[in-house]
Amino acid sequence: MKDVDELIEETSVDQILNHYGKPLSKAGSAEHRMECVFNEECADNQYGNLTVKLNDAVNRIYCHSCGVRGNLLTLLHGLERHEPPTGGRLRGDEFKSAVAKLREISGATDTVPQVGTTTVRPTQSPAPKPVNTPLVRHEKEAAQKIADLYNDLVTDVADMSPKAAEYVRHRRWMTPELLEKWGVGWIPGNGRSLFRKGYLVYTHRNERSEVVSYSGRDLSFEEKWAKWIREGRPDGKRPGKHRFVQGFHKGLELYGGHAGRLEEPYVRESLAKRGLVVAEGMNEVLRMETLGVAAVGLGSNKATDAQVEKLIRFARQAGHDRIVLMPDCDEEGEAAFKELLWQLSEASIDVKLGCSSNMHEGKFAGRQPEDFTDDEWNEIDLTIQR
C-alpha cells in the first residue's frame, strides 16, 4: 500500500477534476480557479473562487471567501460532501474517507499482487451526474421527515418573530397568500428542521414540482456581515446569507422553474409578451409574480452550465426564444450576467437586458429588482417590449 503523502504527490489535480466532471486546468498554468466546493454561499461573492495550485502538493487549495485551505484530500472532501472539514482539518473518518476516494481515483489498491501475476488496475467509470432527489424519496430519514415542512411555515406577520415580521413588512408585496402559495414563511422552530427561528424559509421544487430542498435566509445576516467587515474580514468567519438542506445541488435547479406554473394564465401571457425573465434570487421571482411577470431565479449571480441549458430549453419551449435578464444592479451581479448574456446569445436566444446600473439614467444603480416600484417596473417593461 502506497504512503498517503506519496499518493498525493503522484495524483494530478486533473485526475480529480476529470473524475467529478469539472473543467480541467489550462496547459502551462501554475494554478487553476474553480467555484468553491465547501460553501455554496461563496458563489455569491466576487472573491468566491477556489484557487488550486498545480505545483504545490502540500498547500494546494485555498478559498478566498470562506478561508478553507488544504491539500488534495481536502479538495476531495469538499467535492464529496460539499462542506468544509469539521474543525477546519481532516481527522478521523473524514480523513479515512478522503484517502479511500483518492486511492479509488488514482487506481491504487490495498491488495498485494501474487508472485508471477500482473496487477490489473480497475477501469475508471465516469462519475455519476449529481441529481436532486425529492425529499419524500430521499435516502436519509431526516430529509424525508421535512418533505412537507412548508405546511408548518408561518405566513402571517402577526405570528412571526419581530425580525421575521420586520423583514416581510419591509416587502409589502410579500402577502400571506403569496407566501403560502410558494411555500415561504417563518419557521417556528419545532425541532423538525435544521432551520431555527432566525430564518425565513423558502421551498425549492424541481421541474416536476417535487420538493427537493428548503433554504433558510438568515434574518441577522446584515448585522453579521457588518461585524465581519469591522473585524477585517477574518478567514473562515465569513457569514452566509442562505442555508440549504445538506446535499442539495442548487446549481441544477431554477427557482420557479416547476412546470406547473405554465397552467397559470399570467405566466402564459407574460411569456408571450416578454419571453422568460431571469433574475438572481428567490425574492425577485416572488416580486415579479406580483407584477404579473413570469420569472425564474438562479439562486446566485452566476449561472451554472446546467442552469444555462435549462434556460435555453425553457426559452425555446415556452418563451418564444426570448429571455430578459434582470441582474442586481451592482458590480458583481452585472459581471456575472454579462457572461450569461454571451452564453445565451451564442445559442441564438433573443436576449434583452432589463436593467443595469447605467440604464434608465442610472436610477437603478446599487439596487435589486425586488425593490423596484410598480412605476419603475412599468418603465422597464416599456423598454423590454419595444
Assess whether atom [atom1] of [X] is packed by more than 12 heavy atoms of other residues, nucleotides or ligands within 6.0 Å.
{"X": "Lys101", "atom1": "NZ", "value": "yes"}
{"X": "Arg89", "atom1": "CZ", "value": "no"}
{"X": "Asp305", "atom1": "CG", "value": "no"}
{"X": "Lys181", "atom1": "NZ", "value": "yes"}
{"X": "Glu141", "atom1": "CD", "value": "no"}
{"X": "Glu180", "atom1": "CD", "value": "no"}
{"X": "Lys363", "atom1": "NZ", "value": "yes"}

Applying ring-ring contact (aromatic ring centres under 6.0 Å, His included), can you list everything that pairs with Tyr266, at least two apart in sequence or on another chain? none
For His32, which residues count as a ring-ring contact (aromatic ring centres under 6.0 Å, His included) partner, sequence neighbours excluded? none
Picking from Gln307, Glu332, Glu339, what satisfies side-chain hydrogen bond (donor to acceptor under 3.5 Å, both in side chains) with Lys302? Glu339
Give the minimum heavy-atom separation between [X] and [Y], together with the two atoms involved.
{"X": "Lys53", "Y": "Val13", "result": "O-CG2, 4.4 Å"}
{"X": "Cys329", "Y": "Cys355", "result": "SG-SG, 3.8 Å"}
{"X": "Val296", "Y": "Gly256", "result": "CG1-O, 3.7 Å"}
{"X": "Ala336", "Y": "Asn301", "result": "CB-O, 2.7 Å"}
{"X": "Gly185", "Y": "Leu153", "result": "N-CD1, 3.7 Å"}
{"X": "Leu252", "Y": "Ala306", "result": "CD2-CB, 3.9 Å"}

Please test Arg268 against Glu263 for salt bridge (charged side-chain N to carboxylate O under 4.0 Å, His left out), starting from the C-alpha separation and ending with a verdict. CA-CA 8 Å; Arg268 296 195 300 272; Glu263 299 174 5; over 6 Å; no
Apply salt bridge (charged side-chain N to carboxylate O under 4.0 Å, His left out) to Lys26 and Asp14, showing your working. CA-CA 10 Å; Lys26 294 182 180 179; Asp14 278 350; over 6 Å; no
Please check if the distance between the ring centroids of His204 and Tyr214 is under 6.0 Å. no
Give, for atom [atom1] of [X] and atom [atom2] of [Y], the distance between the pair rounded to the nearest 0.5 Å.
{"X": "Tyr62", "Y": "Cys36", "atom1": "OH", "atom2": "SG", "result": "11.0 Å"}
{"X": "Leu291", "Y": "Leu286", "atom1": "CG", "atom2": "CG", "result": "11.5 Å"}
{"X": "Phe244", "Y": "Lys250", "atom1": "CZ", "atom2": "NZ", "result": "4.5 Å"}
{"X": "Ile323", "Y": "Leu344", "atom1": "CD1", "atom2": "CG", "result": "4.5 Å"}
{"X": "Leu311", "Y": "Leu298", "atom1": "CG", "atom2": "CG", "result": "6.5 Å"}
{"X": "Gln144", "Y": "His138", "atom1": "CD", "atom2": "NE2", "result": "8.5 Å"}

Answer whether the closest heavy-atom distance between the side chains of [X] and [Y] falls below 4.5 Å.
{"X": "Leu325", "Y": "Leu340", "value": "yes"}
{"X": "Glu166", "Y": "Met160", "value": "no"}
{"X": "Val68", "Y": "Thr74", "value": "yes"}
{"X": "Ser215", "Y": "Met282", "value": "yes"}
{"X": "Leu17", "Y": "Met34", "value": "yes"}
{"X": "His258", "Y": "Arg208", "value": "no"}
{"X": "Leu276", "Y": "Arg322", "value": "no"}
{"X": "Ile349", "Y": "Arg316", "value": "yes"}

Side-chain ([X]) to main-chain ([Y]) donor-acceptor, under 3.5 angstrom:
{"X": "Glu223", "Y": "Ser220", "answer": "no"}
{"X": "Asn206", "Y": "Glu210", "answer": "yes"}
{"X": "Ser357", "Y": "Ala365", "answer": "no"}
{"X": "Asp328", "Y": "Asp330", "answer": "no"}
{"X": "Arg137", "Y": "Thr133", "answer": "no"}

With Thr11 via side chain to side chain contact (heavy atoms under 4.5 Å, CB included) - residues at least two apart: Leu7, Gln15, Ile16, Leu72, Leu102, Ser106
Please, which pairs that meet side chain to side chain donor-acceptor pair (under 3.5 Å) have at least one residue in residues 341-351, sequence neighbours excluded? Trp342-Glu346
Going through the distances and angles, do Tyr255 and Trp182 end up as a ring pair (Phe, Tyr, Trp, His ring centres under 6.0 Å)? CA-CA 10 Å; Tyr255 186 75; Trp182 282 82; 5.5 Å; yes
Measure from NZ or CZ of Arg205 to the centre of the six-membered ring of Tyr150, then state whether that distance is under 6.0 Å and the direction lies within 45° of the axis. yes
Would you say the side chains of [X] and [Y] form a donor-acceptor pair under 3.5 Å?
{"X": "Tyr20", "Y": "Glu80", "value": "yes"}
{"X": "Ser300", "Y": "Glu280", "value": "no"}
{"X": "Arg33", "Y": "Thr51", "value": "yes"}
{"X": "Asn132", "Y": "Glu253", "value": "yes"}
{"X": "Ser97", "Y": "His77", "value": "no"}
{"X": "Ser270", "Y": "Arg274", "value": "yes"}

Shared ILVMFWY cluster between [X] and [Y], side chains joined below 4.5 angstrom?
{"X": "Trp228", "Y": "Phe221", "value": "yes"}
{"X": "Val154", "Y": "Leu219", "value": "yes"}
{"X": "Val308", "Y": "Val285", "value": "no"}

Might you work through the salt bridge (charged side-chain N to carboxylate O under 4.0 Å, His left out) test for Asp218 and Lys224, ending with a clear yes or no? CA-CA 10 Å; Asp218 188 349; Lys224 295 176 181 178; 2.7 Å; yes
Other members of the hydrophobic cluster containing Leu382, with the 4.5 Å side-chain heavy-atom rule, please. none
Pick one: which of Arg217, Lys241, Lys163 meets salt bridge (Lys or Arg N to Asp or Glu O under 4.0 Å) with Glu222? Arg217
Pairwise ring pair (Phe, Tyr, Trp, His ring centres under 6.0 Å) hits with a residue in residues 363-384, at least two apart: His360-Phe364, Phe364-Phe372
